[in-house]
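Before any comments, here is the structure.
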2 protein chains.
Amino acid sequence: MSAVGSSSHVGRPRAFDMDTALEKALEVFWRKGYDGTSLSDLTEAMGINKPSLYAAFGNKEQLFLKAIELYESRPCAFFMPALEKPTAYEVAEHMLYGAAANMANKDQPQGCVVIQGALSCSEAAAAVKEALMNRRLEGQQKLQERFERAKAEGDLPASVNAETLARYLGTVLQGMAIQANNGATPEQLRQVAEMTLLAFPR
Amino acid sequence: MSAVGSSSHVGRPRAFDMDTALEKALEVFWRKGYDGTSLSDLTEAMGINKPSLYAAFGNKEQLFLKAIELYESRPCAFFMPALEKPTAYEVAEHMLYGAAANMANKDQPQGCVVIQGALSCSEAAAAVKEALMNRRLEGQQKLQERFERAKAEGDLPASVNAETLARYLGTVLQGMAIQANNGATPEQLRQVAEMTLLAFPR
DNA sequence: CTAGTTTTGTACTGGTCGGTAAATATATAG
DNA sequence: CTATATATTTACCGACCAGTACAAAACTAG
């Protein structure tokens, strides 16, 4: 066993950076959706040839799933951080205003790739569609659990239905993606966030 | 000029019904989206061959647009009828509960084809995407105008921002389509509708 | 009947799809 | 240096894409 630094590779070194290539792929999938994105779109945006793409990421489907993982783990992702706010109301608040800022951010495609990546799609995209469905359901489930915890902590009244509250919030967040897709500005989405919070139990 | 009854046609008669064929096409586009639907999907579902499709409907894009027209003029469409309710609150109420029933209706694809037909899509679908965007904006505009009328009629307080209210409602309605796509039941969507109305000015 | 008109099924177009085989290039290990 | 391992480029695969040419079929008009 030889002492190995963090990078001792045999063979020709990769000529591109996998992370930045994955960012490029994410951007294309985000704008065009899974069905609407061709391998040519991807290789052109990533600046690599097809065999390099397949060697590095598997195939189109696996590349998409890796892009989604990147999307959710980005520094600008707002969902998970919002869950950690101290009160249920602040959770909702940060999530809604985070979505308003993020989904209408002009520096990236409008909306949310988890929502619009494969909403209606071909059979070829069925697995991808299901993966995205599960992500959305898991997000809502986490929100529900957070609200159940808030009830246990006395932060929300016991009369509140955590599942309904989570679904209401999830519905607005998902609707915001469509609004952003339609050209809504961050300010307009903030107004929606403000109205949404009016229905929140205090 | 000869007196013409409603049906005097020269040439070989069409062997299929255009309306039912268009219904079938709508169902496919609804489930698979514009990019995800192939001409083979369409001809198979419609029970006709490609030349018949092209002769009757133009091409894939025109067929899609005609299917959307059909969708919006269906008897089960809820949007336009809701606009005619006497009060702003009832407008919102009927729209939300109509959406809950319609979008999660198990007898048809889940969600709304105007929302999910071409959300993220290829360049080939750009015209279709824009047409759907405009439909969504027009719907929200009609809602806004209805709420402005309600303010003029004293049915809504003058302090209400009709545009924001319309956007809030539009956001929830669009979010409901995603929820339905995720398998939400009509009852679950009704609960969302109920919460949404809590934020409505009375 | 014939002439004219439209729809039908079959077969085909050039182009693009996702994916890969094979040869060449560039690194490390010894 | 040689041997080995990995990445690169080029060229290609069969399948499918949206769309169409063409001739046979089925109707009306006269």
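For clarity, every value in this text was computed on a predicted model and none was experimentally measured. Letters go in sequence order (proteins before strands), and every chain restarts at 1.
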*Taking it one step at a time, do R31(A) and E27(A) satisfy side-chain contact (heavy atoms from CB on, under 4.5 Å)?*
CA-CA 6 Å; R31(A) 261 189 308 118; E27(A) 208 236 301; 3.1 Å; yes
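- The CG atom of D19(B) lies 13.5 Å from the NZ atom of K24(B); values are rounded to the nearest 0.5 Å.
- The stretch residues 123-130 of chain B does not touch DNA chain C, since none of its heavy atoms comes less than 4.0 Å from the strand.
- Distances shorter than 4.0 Å separate some side-chain N or O of S40(A) from OP1 or OP2 on dC17(C).
- In this structure, the CZ atom of F16(A) is 14 Å from the C1' atom of dT9(D), given to the nearest Å.
- M46(B) has its CE atom 13 Å from the P atom of dG9(C), to the nearest Å.
- The stretch residues 17-36 of chain B has no heavy atom under 4.0 Å from DNA chain D, so no residue of it qualifies as close.
- At a threshold of 4.0 angstrom between heavy atoms, the contacts of S122(B) with the nucleic acid are absent.
- Checking the phosphate oxygens (OP1, OP2) of dT8(C), no side-chain nitrogen or oxygen of N49(B) falls inside 4.0 Å.
- Ion pairing of R190(B) with E194(B) is absent here, as no side-chain N (NZ or NE/NH1/NH2) approaches a carboxylate O to less than 4.0 Å.
- Distance R12(B) CZ to dT6(C) C1': 9 Å, rounded to the nearest Å.
- Note on S38(B): a side-chain N or O is less than 4.0 Å away from OP1 or OP2 of dC17(D).
- Atom CG in L63(A) sits roughly 16 Å away from atom C1' in dC17(C) (whole-Å rounding).
- Residue contacts shown for T43(B) are absent, as no nucleic acid heavy atom lies under 4.0 Å away.
- Nearest-nucleotide positions on DNA chain D place D41(B) closer to the 5' end than the other of P13(B) and D41(B).
- With sequence neighbours excluded, the residues forming a side chain to side chain donor-acceptor pair (under 3.5 Å) with N161(A) are T164(A), listed by chain and number.
- Judged purely by distance below 3.5 Å, without hydrogens or angles, the side chains of Q110(B) and N182(B) never pair a donor atom with an acceptor atom.
- A salt bridge links R167(B) to E163(B): one of the charged nitrogens lies within less than 4.0 Å of a carboxylate oxygen.
- Judged purely by distance below 3.5 Å, without hydrogens or angles, the side chains of Q141(A) and E145(A) pair a donor atom with an acceptor atom.
- For R14(A) against dA7(D), no side-chain N or O and base N or O form a donor-acceptor pair under 3.5 Å.
- To the nearest 0.5 angstrom, L173(B) atom CG is 11.5 Å from I178(A) atom CD1.
- Between the P atom of dG19(C) and the CD1 atom of I48(A) lies a distance of 14 Å, rounded to the nearest Å.
- Between A15(B) and G11(B), it is G11(B) whose nearest contact on DNA chain C lies nearer the 5' terminus.
- Proximity of residues 50-61 of chain B to DNA chain D (heavy atom under 4.0 angstrom from any strand atom) is restricted to K50(B), P51(B), Y54(B), N59(B), K60(B).
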Tabulate below the donor-acceptor pairs under 3.5 Å that side-chain atoms of residues 89-100 of chain B make, not counting sequence neighbours, or state none.
unit_1, atom_1, unit_2, atom_2, d
E90(B), OE1, T87(B), OG1, 2.9
H94(B), ND1, E90(B), O, 3.1

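- By the 30° and 60° cut-offs, the orientation of the rings of F16(B) relative to F57(B) is tilted.
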Atom pairs and distances, side-chain donor-acceptor, residues 42-53 of chain A, under 3.5 Å, sequence neighbours left out:
unit_1, atom_1, unit_2, atom_2, d
T43(A), OG1, L39(A), O, 3.1
T43(A), OG1, S40(A), O, 3.2

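- In this structure, the NE2 atom of H9(B) is 12 Å from the C1' atom of dT7(C), given to the nearest Å.
- Around atom CD of E153(B), more than 12 heavy atoms belonging to other residues, nucleotides or ligands sit under 6.0 Å away.
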